[in-house]
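All values reported here derive from a predicted model rather than from experimental measurement. Just so it is clear: chains get the letters A, B, ... in the order the sequence lines come, proteins before strands, and each one is counted from 1.
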Amino acid sequence: MFIPIDQPFDLESTLHSGQAFRWRWDGGWHHGVVFSNVVRLRQAEGGLELSCEPDDEAALWPLLEDYLGLDVDLARVYSALGVDSRLRDAIARYHGMRVLRQDPWECLVSFICSSASNIPRITRNIESICQAYGRPVGTGTAMRHAFPTPDRLSRAGEAPLRALGLGYRGAYIAETAGAVAGGAIDLMSLREEPYEQALETLTDLAGVGDKVANCVLLFSLDKLEAFPVDVWVDRVLREWYLDGEAEPVARPKMRPWAQAHFGAYAGYANHYLFHDRRLRGKGLGTG
DNA sequence: AGCCAGGCCCTCC
DNA sequence: GGAGGGCCTGGC
């Protein structure tokens with residue numbers, strides 16, 4: 001099914017910029033698992049091509065459109081952010097890259113897994129979790145597994161999760177799954193809450209500090225002002241933005257600084273700077 | 001061999 | 001409140 005897109009949209013950068021971990025590229029199509037469907041997407045002239053199973057393409061598309069963040073007016077985001085040359089360069093390189101609006105539960109577990117890790121390993125970890133506990137989706141060689149429910153991971157417990165190669169993150173996931181499954185926290189309702197309040201709620205969960213919480217807020221909870229500071233963003237800020245500050249800005253103060261500096265779309269700035277830094281290497285210096 | 005990685009948590013000051 | 005060390009596993 002062909003879907004016309006009249007907004008700026010870079011599918012490749014959107015799906016492979018480290019915000020989601022279940023998309024693969026087979027040389028022609030991006031395929032992943034969302035909304036309990038095996039979904040195939042490819043960028044085409046003037047839009048996207050979509051195929052999925054088991055649902056009907058036309059029925060799934062509205063959900064996918066929301067997932068891909070296509071409702072966000074990127075021109076507005078860019079003009080709000082495009083005040084400095086560094087950011088403008090990154091935006092030009094990955095023009096059309098969007099922040100996804102993922103399922104909060106899958107996003108939460110994914111970023112708990114990200115602690116002291118790297119993208120290839122996170123990707124393996126998440127796939128292992130799905131294969132072990134997720135419902136099969138799709139058929140034949142296209143068969144994948146849905147992301148398991150909180151209840152399923154809660155009942156699995158720490159030891160089997162560790163056995164999947166998650167390390168100490170297994171304990172965090174088991175405990176957080178219990179809190180979500182038991183109704184102590186309603187992730188989806190955080191979309192309706194203000195940023196600060198949702199942040200506090202999330203950081204009460206095991207394995208969720210300021211960085212992980214901000215990833216979840218940005219990539220799944222509709223909080224475009226969220227600003228996760230990891231080592232990559234730390235370097236970018238230090239070298240490109242904080243150089244001229246009178247007082248040194250320590251790591252815990254970087255997020256508030258950046259949110260004040262970049263404004264309501266700080267999260268978009270974050271993602272472009274992060275992606276640019278990661279793709280173009282760490283040896284950029286101040287150039 | 002030893003260090004560090006897309007952090008978090010706990011302890012101690 | 002903030003600095004420092006430990007933690008699983010894997011890759012260099």
Side-chain angles (χ1 to χ4, degrees), chain A residues 13-23 90 94 97 99-100 102 106-129 131-132 153 156-180 185 199-221 223 226-240 247-258 266-284:
Chain A
S13 297
T14 299
L15 297 182
H16 299 283
S17 49
Q19 52 179 328
F21 302 94
R22 301 212 66 202
W23 291 96
Y94 315 107
M97 178 170 72
V99 166
L100 293 169
Q102 302 179 60
E106 176 173 342
C107 190
L108 174 60
V109 175
S110 299
F111 284 96
I112 289 177
C113 285
S114 76
S115 145
S117 189
N118 52 74
I119 290 181
R121 186 181 175 195
I122 300 164
T123 302
R124 282 199 307 273
N125 287 162
I126 295 301
E127 204 61 31
S128 299
I129 290 173
Q131 282 176 14
L153 290 189
E158 174 183 346
L161 291 172
R162 277 183 178 258
L164 293 178
L166 294 172
Y168 59 83
R169 303 161 197 82
Y172 295 150
I173 291 170
E175 185 177 340
T176 289
V180 176
I185 174 176
L199 174 61
E200 281 189 32
T201 302
L202 285 174
T203 50
D204 281 341
L205 295 168
V208 183
D210 196 80
K211 189 271 177 182
V212 169
N214 272 274
C215 286
V216 177
L217 289 164
L218 179 58
F219 302 135
S220 76
L221 291 175
K223 302 291 180 277
F227 198 93
V229 178
D230 55 34
V231 298
W232 300 94
V233 172
D234 182 301
R235 288 182 195 129
V236 171
L237 292 182
R238 218 173 277 289
E239 293 173 14
W240 283 359
E247 300 291 324
V249 180
R251 175 74 80 95
K253 293 189 173 176
M254 282 187 176
R255 176 176 63 75
W257 181 92
Y268 256 94
N270 179 293
H271 200 56
Y272 276 85
L273 293 172
F274 168 79
H275 188 55
D276 188 50
R277 186 65 170 202
R278 216 172 57 76
L279 284 196
R280 298 174 65 231
K282 51 179 149 184
L284 291 180

Scanning all shown strands, the Watson-Crick or wobble mate of B:dG6 with both distances under 3.5 Å is none

Which whole-number value in Å describes the distance from [X] [atom1] to [N] [atom2]?
| X | N | atom1 | atom2 | answer |
| --- | --- | --- | --- | --- |
| A:R251 | B:dC9 | CZ | P | 15 Å |
| A:I122 | B:dC8 | CD1 | P | 12 Å |
| A:M254 | C:dG2 | CE | C1' | 15 Å |
| A:L161 | C:dC8 | CG | P | 14 Å |
| A:R255 | B:dG7 | CZ | P | 16 Å |
| A:R169 | B:dC9 | CZ | C1' | 14 Å |
| A:D234 | B:dG6 | CG | P | 12 Å |
| A:L108 | B:dC8 | CG | P | 12 Å |

Using the closest heavy atom to pick a nucleotide of DNA chain C for each, name whichever of A:A163 or A:A250 lands nearer the 5' end. A:A250

Tell me which of A:L166 and A:N118 sits closer to the 5' end of DNA chain C, going by the nucleotide each one is nearest to. A:L166

Under 4.0 angstrom, heavy atoms only, what part of the nucleic acid is [X] near: base, sugar-phosphate, or nothing?
| X | result |
| --- | --- |
| A:V233 | nothing |
| A:R162 | sugar-phosphate |
| A:A206 | sugar-phosphate |
| A:G18 | base |

What is the minimum heavy-atom distance between A:S110 and A:I122, and which atoms define it? O-CG2, 3.9 Å

Shortest non-hydrogen separation from A:N270 to A:P228 and the atoms involved: ND2-O, 2.7 Å

More than 12 non-hydrogen atoms from neighbouring residues, nucleotides or ligands closer than 6.0 Å to CD on A:E158, yes or no? yes

Start with the C-alpha distance between A:S115 and A:Y168, add both sets of side-chain angles, then the distance that settles side-chain hydrogen bond (donor to acceptor under 3.5 Å, both in side chains), and finish with yes or no. CA-CA 10 Å; A:S115 145; A:Y168 59 83; 2.9 Å; yes

Measure from the side-chain heavy atoms of A:Y168 and tell me the nearest of C:dG11, C:dC7, B:dG6. C:dC7

Closest to the A:R121 side chain, choosing from B:dG6, B:dC9, C:dG10: C:dG10

Map A:S117 and A:L205 onto DNA chain B by nearest heavy atom, then report which one ends up closer to the 5' terminus. A:S117

Ring centroid separation for A:F111 and A:F21, is it under 6.0 angstrom? yes

Give me the distance, rounded to whole Å, that separates [N] from [M] when you measure between the [atom1] atoms they each carry.
| N | M | atom1 | answer |
| --- | --- | --- | --- |
| C:dG4 | B:dC4 | P | 14 Å |
| B:dG2 | C:dG6 | P | 15 Å |
| B:dC3 | C:dG5 | P | 13 Å |
| C:dG10 | B:dC9 | P | 23 Å |

Does A:R124 place a side-chain N or O at less than 4.0 Å from the phosphate oxygens OP1/OP2 of C:dG11? yes

Looking at the base of B:dG6, is there any donor atom on it, or on the side chain of A:S114, that sits under 3.5 Å from an acceptor on the other one? no

Residues A:F219, A:H271; criterion ring-ring contact (aromatic ring centres under 6.0 Å, His included); working and verdict: CA-CA 10 Å; A:F219 302 135; A:H271 200 56; 5.3 Å; yes

